[in-house]
Protein chains: 2
Amino acid sequence: MHHGIAIGKVSDAARVKIPTIRYYEQIGLLAPNRTEGNRRTYGQDDVERLTFIRHSRELGFNIDEIRTLLSLQDAPHQSCHEADTIAKARLVEVKRKIASLTALKAELERMVEGCSHGRVETCQVIEILADHGKCVFHDHTVAA
Amino acid sequence: MHHGIAIGKVSDAARVKIPTIRYYEQIGLLAPNRTEGNRRTYGQDDVERLTFIRHSRELGFNIDEIRTLLSLQDAPHQSCHEADTIAKARLVEVKRKIASLTALKAELERMVEGCSHGRVETCQVIEILADHGKCVFHDHTVAA
DNA sequence: CCTTGCTCCTATAGTGGCTAGAGGTTGTAC
DNA sequence: GTACAACCTCTAGCCACTATAGGAGCAAGG
């Protein structure tokens, strides 16, 4: 009504794109509130909720984890044990990913350094990709 | 015919799942060869090609990059300049990702350490997620 | 020869987390 | 009153697979 924020403003304020906000509503992360003219309307709390979501996404939490984190935030008198568990799991994952990417980095550096800048026949890049035995990167789990 | 390898064997040999092999054929990474009974049939070269693809995917190259790398491998007298460029671009990306994940790791560690194991009200995990200002992780680009 | 059961086939739909587009409505400023 | 921005819904597309349904081929044992 009088002090509702339109989706565009919320989008700017929370730095979450408009279609993404609509998507979040669709999957139930955001409560649907409309004006008489059928426009989505938000309050400052929604801006904060969206910021929370964006930040969590940036930190690599998936939607299900965020759903749990949001439900925890909505019930502040509960134990934070679950939030702690989620963060810890994420930390383990991140550590593993860093280790994997570091090995990958070494592999790519070896490829690039080994490249004789000649023809494909003698190119380390192609050769290492073709023959796994020549690869030093063995924890092939994350990469992407 | 007599020395063709069936998809299941190729799948085991190259450690690429059967539906994935069919998918690769569909998108043109693999030539389609069939027996009279309409079964896909492969040779040792296909096992090597699939291993190349798997390895490249594990190293984080996307399908388009792999397409280029494969076309280079198929023409070994060409210059390997392009392969070098692709690997270098990937290296830059990986370095950026490591930097980002390292910052993220610090952030998660701060969260977990700061958690008083009490109630959500006072939980650092939730608080840091809610208030971006309290976050030390600012290169929010990769994360996942 | 026949059945059992394994491997294979196609085609379609689903995954996650959005993003893009078409085509229509509402609200606002001049 | 009219131009135009901002909004609406609905559908389809992105990537790289993965899953499922429903059917056909093929090798070994009886």
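Letters go in sequence order (proteins before strands), and every chain restarts at 1.
- A/I63 comes within 4.0 angstrom of the backbone, heavy atoms only, and of no base.
- We find that CD1 of A/I27 is positioned 17 Å from P of C/dG14, with the value rounded to whole Å.
- Nucleotide C/dC18 holds its P atom 12 Å from the CZ atom of A/R54, rounded to whole Å.
- B/T51 places a side-chain N or O within 3.5 Å of a backbone atom of B/V47 that can act as its donor or acceptor partner.
- With hydrogens and angles ignored, the 3.5 Å screen pairs a side-chain donor or acceptor of B/R49 with a backbone N or O of B/L29.
- At whole-Å resolution of the value, CG in B/L30 and P in D/dC17 are 13 Å apart.
- For the pair A/E93 and A/R90, the salt-bridge criterion is met [side-chain N within less than 4.0 Å of a carboxylate O].
- Closest to the A/R57 side chain, of the nucleotides D/dT18, C/dC9, C/dG17, is C/dG17.
- Within the structure, a side-chain polar atom (N or O) of B/Y24 is placed less than 4.0 Å from OP1 or OP2 of D/dC17.
- Of the candidates C/dT10, D/dC17, C/dC8, the closest approach to any side-chain atom of B/I18 belongs to C/dC8.
- At the heavy-atom level, A/I7 lies under 4.0 Å from the strands shown only through sugar-phosphate atoms.
- One atom, OH of A/Y23, and another, P of C/dA20, lie 15 Å apart when rounded to the nearest Å.
- The interatomic distance linking A/R34 (CZ) with D/dC7 (P) rounds to 13 Å, in whole Å.
- Not one N or O on the side chain of A/D12 forms a donor-acceptor pair closer than 3.5 Å with the backbone of A/K9.
- Rounding to whole angstrom units, CD of residue A/E25 and P of C/dG17 are separated by 18 Å.
- Residue order along DNA chain C, read from the 5' end via each residue's closest nucleotide, puts B/N38 first among B/N38 and A/T20.
- One atom, CZ of A/F61, and another, P of C/dG16, lie 18 Å apart when rounded to the nearest Å.
- For the pair A/Q26 and B/K17, nearest-nucleotide mapping onto DNA chain D gives the more 5' position to A/Q26.
- B/R40 comes within 4.0 angstrom of the backbone, heavy atoms only, and of no base.
- In terms of position along DNA chain D, the nucleotide closest to B/N62 lies nearer the 5' end than the nucleotide closest to the other residue of the pair B/R22 and B/N62.
- Smallest separation of non-hydrogen atoms from B/Y24 and B/V16: CE1-CG1, 4.1 Å.
- Under 3.5 Å, the side chain of A/R39 and the base of D/dA6 form at least one donor-acceptor pair of N or O atoms.
- In this structure, the CD atom of B/E36 is 14 Å from the C1' atom of D/dC26, given to the nearest Å.
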